Structures are given as structure tokens and as C-alpha cells.
Amino acid sequence: DTAVSQTPKYLVTQMGNDKSIKCEQNLGHDTMYWYKQDSKKFLKIMFSYNNKELIINETVPNRFSPKSPDKAHLNLHINSLELGDSAVYFCASSQDLRGTEAFFGQGTRLTVV
Amino acid sequence: EDQVTQSPEALRLQEGESSSLNCSYTVSGLRGLFWYRQDPGKGPEFLFTLYSAGEEKEKERLKATLTKKESFLHITAPKPEDSATYLCAVHLSHSNSGYALNFGKGTSLLVTP
């Protein structure tokens, strides 16, 4: 019974396309996050939501738009994909805004060709 | 400005050969220092949280310690299954009372039989 699950695990798409990544957590947590891990394996925060409210919005192009339909789900939609968007995207959740231990999903490897 | 620096970048140990990984940080008002383990193709897995200098935590062959400037992850008599990338992170405050993990670049550990 996976705590934080993301779909799809792999995503290969052409430049200019629009794609979405879905994330669900069954831990009853209030806060969810999107992190990006680049080719050098460096993990950086992109967004966080708390009870469906956007809390953190780091310097990310407007082409990236997170959406949280309820506190158990946080999706990431990316418009007009570019080569530089290729990375592994991780969803995570924590109990609350204080962000004690975070639980991560398995990641979505996005490849833009 | 790097706030979390991990060393070494890569470490190769023989089974049973104990060693330590280093994480130095420059944030003021530390709200928590976290250690995660990441296996290839998977999301980071939480190991420890340390909050104050002098604090120590142990789990099997791993022991994490914290000073005012750095944290160490000591690995005693490692086994090949300890091979992974070990990530250190600190909590950073963002706007709207949100906190997110600020990760170092990790230490890639390989333990050979």
C-alpha cells in the first residue's frame, strides 16, 4: 500500500507538448510538495500546498502549474515542454506546514525530445 | 549561495570498513537537519531528523550526529545493501509560513563485498 504514489513513472514526449503528472498520498497529510531532481541529481523545491492552498511557489516558469483538487492529491501540469524540462519530478507529503519528515513518491522521469 | 554542502561526493568502502559522511550547513536558526537515503530509480527515504547540537540518532549501522555547523552520518561495518546516495537537507523558511527541504548534492556510497 504505497504512501505517496505518482503516475506515470516514465514520460517521454516531444517539445511543445503539454503533459501532466499526478500524485496521491494516503497518509492523511495536510502538506504536499513538488521537487525537481536535475541531471546532476540535485533536488530542489518547486511548489508546496497545504490543504489545497498554494504556499511555496519557487522561481519556476509559468508553464508549470500545480493543482490540488483536495489535500490528498497534487498534480503538476506542464505546458509547452522544453528540452530543459527533462528531469525527475518527485512528489512528497508531510504532516503539516512545519514539514517534519517528508515522504517521497517514486518519481516521474520526464524526457523531452 | 550553498547552504548545505556534502562531502565527499562519492565514497567507496569495503564491506566492514567504517566511515563518515559530512554535511556542513550555513543557515541560521536551524529548524531541523534531515538525512535521507536514495536508491537508484526511487524517491528519497527518510532516515533521521536532528534539531539541536549534540543530538545523536541511530538506526542499525547508521548514526547521525549534529554540531552547530555540521552533521555527520557514521556508517559502522557497512554492508553492500548500504550502497545508496545519502542526502542531507535543512529546513528553509519560505513565504506564507511554508517550509521546504533544502538539499545538498548528496554522497554516493558504494560498499563492495
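A, B, ... follow the sequence lines: proteins, then strands. Residue 1 opens every chain. Every value quoted in this text rests on a predicted model; they were computed, and no experiment measured them.
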Q. Phe103(A), Phe47(A): one ILVMFWY side-chain cluster at the under-4.5 Å cut-off?
A. no
Q: Mark yes when over 12 heavy atoms from residues, nucleotides or ligands other than Arg12(B) sit less than 6.0 Å from its CZ; otherwise mark no.
A: no
Q. Are Val12(A) and Tyr10(A) linked, directly or through other ILVMFWY residues, by side chains that come within less than 4.5 angstrom of each other?
A. no
Q) Is chain A contacted by the side chain of Gln38(B), its backbone, both, or neither, given a heavy-atom distance below 4.5 Å? A) side chain
Q) What is the minimum heavy-atom distance between Leu97(A) and Tyr99(B), and which atoms define it? A) O-CD1, 3.4 Å
Q) What part of Lys9(A) lies closer than 4.5 angstrom to a heavy atom of chain B: side chain, backbone, both or neither? A) side chain
(Q) Hydrophobic cluster membership, with links at side-chain heavy-atom distances under 4.5 Å among I/L/V/M/F/W/Y: are Val4(A) and Ile55(A) in one? (A) no
Q.
Measuring from atom NZ of Lys40(A) to atom CD of Glu9(B), what distance do you get when rounded to the nearest 0.5 angstrom?
A. 10.0 Å
**Q.** Rounded distance (nearest 0.5 Å) linking atom CG of Leu101(B) with atom OH of Tyr33(A)
**A.** 7.0 Å
Q: Flag yes if more than 12 heavy atoms outside Asp70(A) fall under 6.0 Å of its CG atom; otherwise flag no.
A: yes
Q. If you count heavy-atom pairs under 4.5 Å with chain B, which of Gly107(A), Ala102(A), Gly105(A), Ser48(A) comes out on top?
A. Ala102(A)
Q.
Tell me if the NZ atom of Lys57(B) is crowded by more than 12 foreign heavy atoms within 6.0 Å.
A. yes
Q. Are Pro44(B) and Phe90(A) close enough that some pair of their side-chain heavy atoms sits under 4.5 Å apart?
A. yes
Q: State the CD-CG distance between Gln106(A) and Asp39(B), to the nearest 0.5 angstrom.
A: 13.0 Å
Q: Looking only at non-hydrogen atoms, find the nearest pair between Glu101(A) and Tyr36(B) and report the distance.
A: C-OH, 4.1 Å
**Q.** Structural part of Phe48(B) lying under 4.5 Å from a heavy atom of chain A
**A.** neither
Q) Which bit of Gln37(A) is near chain B, if near means a heavy-atom gap under 4.5 Å: side chain, backbone, both or neither? A) side chain
Q) Taking a hydrophobic cluster as the set of Ile, Leu, Val, Met, Phe, Trp and Tyr residues connected by side-chain heavy atoms closer than 4.5 Å, whether directly or through intermediates, do Leu11(A) and Phe64(A) fall within one such cluster? A) yes
Q) Linking I/L/V/M/F/W/Y whenever any side-chain heavy atoms sit under 4.5 Å apart, do Val111(B) and Trp35(B) land together? A) yes
